[in-house]
Q: 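There's a structure below that I have some questions on.
Note that the numbering runs from 1 along the sequence shown for the chain. Each ligand, and each atom within it, is numbered from 1 in the order the structure gives.
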Amino acid sequence: PSQEHEVTRRELERVSTEFWLFIRSELNKLKTRTVESNVVKIVNEILGDSNGYQKTLKNHFYELENKVDGAGAWRYKESQKLGDLVQRRLTYLQNPKNCESAKKMLCNLGKGCGYGCQLHHVTYCLIMAYATQRTLILQSSGWRYSVKGWEFVFEPLSKTCTTTMGQTSVRWGPHDQIKDALVVEMPIVDSLVPRSNYLPLSVPEDLADRLIRFHGDPSAWWIGQFVTYLTRPNQFLKEDLETSQSKLGFENPIVGVHVRRTDKVGMEAQFHTLEEYMTYVDEWFDFYAQRHPNVQRRVYLASDDPSVLSEATKNYPHYIFVSDNEVSKTAGLSSRYSDASLRGIILDTHLLSLCDYLVCTFSSQVCRVAYEIMQTRHGDASRWFKSLDDIYYFGGQNGHQWRMVQPHEARNGDEISLDEGDLVGIAGNHWNGYSKGKHIRTQKSGLFPSYKAVDKIERVKMPTYPEVPD
Ligand code: GDP
């Protein structure tokens, strides 16, 4: 390690120790105060200094992550190199020399849900196609977002093989029932029987070590590669995206905010005020401003609720809000599923994925799509988000587990007791130092301190595509 690395590391150790000494001493002092003393004032002082400590730690981490020993540049290069390999493998899989004899997988785009949900449906199909070495055939005619189908906006999934050529298909089933079939048809992921190890959040064993080395959320990066392959814009869309980007005044640095309202609120997610989102936008820019004091604060605002933009411009005059007005006109329940709304949602997910940070609700597939694509554009953007509700997940995924690295003794009815090494099916992060999970051994659900567990990454043997050079 370089001198810079060693100095920064020592500062991290020193400041985090000081941080703990400070917290312990202040809280001990608080115990002995009389009730009359001004607790609010004291607590605010503690919070202020804690924030200072946290910011200092973050700055050191930032240096280590990005500057010291060229780590940031290395991470970016590695992500691009590995991403390129996955893209070439997909191109190889999708372009068999002989379509007639090629094994195929059939996927129908007509899942009854929104764009993000449908895109994730096709993503799941392509992951399964990759893992079983079958060329994916996408049936997209009559698509609710465009009568002209997938290729109205995206590149075809293949140049050589885009239909089943009239061959009969067999529905997904047990391995020996489908292994010799020329065409296997995929159901929606919720009806997949038997389930498969290939499903997210698994990552392929042959790439896992490289991937885990540079990326903090290997599954999201892996899924992002499939979303990226699927949404390669055709010439028409490419020009449209480029023109729109510059016309709207989209410029980095910029924070992406996705406010999902209308039909989602009350049904699948809670209502969040614009203020909640903006708190995290402010935090991001405050941190950024330490290194770039004169930064113009800019937000890319995407929403299905047109009233959010006027509220934003009115209440946050020192921000520039970049937003696609067309979207506001075409969003909303009634007109969602038409060619016009297709353009809006593609532009929004595209521009959100180009942002430097995302503030949104991961309960929405729109933001998860943007986050996934974002991963493929950088070295490690796995921490470039603030979700107001869920942790990252892929709809229909296999159980996501964490492994306890320290035991935990439940202190109240909300918590669960766990031993070191225990597995927990992770249900969510309460974003207050606690996570919620289900103890796999006892099937009990409850809270535990987040620092006592680590993510368990599922590695699965998948084809290694030796025909495609590394
Ligand atoms: P989810 O319901 O939020 O999980 O995501 P889906 O993509 O499955 O369905 C929501 C649909 O609402 C989207 O596909 C869009 O058609 C529309 N929508 C939601 N948020 C936005 C947005 O920010 N911009 C645009 N243009 N459309 C949106």
Q: Would you check if there is a donor-acceptor pair between the side chains of Trp143 and Gln118 at a distance under 3.5 Å?
A: yes
Q: Going by the order shown, which atoms of ligand 1 are within less than 4.0 Å of some heavy atom of Ala302?
A: 23 (O)
Q: Classify the contact between Arg260 and ligand 1 as side chain, backbone, both or neither, using a heavy-atom distance cut-off of under 4.0 Å.
A: side chain
Q: Under 4.0 Å from a heavy atom of His258: give me the atoms of ligand 1 that qualify, with their elements.
A: 20 (N), 21 (C), 22 (C), 23 (O)
Q: If you measure every N or O of Cys113 against every N or O of ligand 1, does any of those distances drop under 3.5 Å?
A: no
Q: With distance as the sole test, does Asp304 use its side chain to make a donor-acceptor pair with the main-chain N or O of Arg261 at under 3.5 Å?
A: yes
Q: Enumerate the atoms of ligand 1 whose separation from the nearest heavy atom of Gln365 is less than 4.0 angstrom.
A: 1 (P), 3 (O), 4 (O), 5 (O)
Q: Going by heavy-atom distance to atom 22 (C) of ligand 1, choose the closest among Val366, Asp348, Ile346.
A: Asp348
Q: I'd like to check whether Glu268 has a polar contact with ligand 1, where a contact means an N/O of the residue lying under 3.5 Å from an N/O of the ligand.
A: no
Q: Looking at Tyr229, does the NZ or CZ of Arg232 lie under 6.0 angstrom from its six-membered ring centre and within 45 degrees of the ring axis?
A: yes
Q: If you measure from each non-hydrogen atom of Lys264 to ligand 1, which part falls under 4.0 Å: side chain, backbone, both or neither?
A: side chain
Q: Show which side-chain atoms of residues 250-258 pair as donor or acceptor with protein atoms under 3.5 Å away, not counting sequence neighbours.
A:
| from | atom 1 | to | atom 2 | distance (Å) |
| --- | --- | --- | --- | --- |
| Asn252 | ND2 | Leu354 | O | 3.1 |
| Asn252 | ND2 | Asp356 | OD2 | 3.0 |

Q: Look at Lys461 together with Glu205 and state whether they make a salt bridge at an N to O cut-off of under 4.0 Å.
A: yes
Q: By disulfide (SG to SG under 2.5 Å), which residues pair with Cys125, not counting sequence neighbours?
A: Cys107
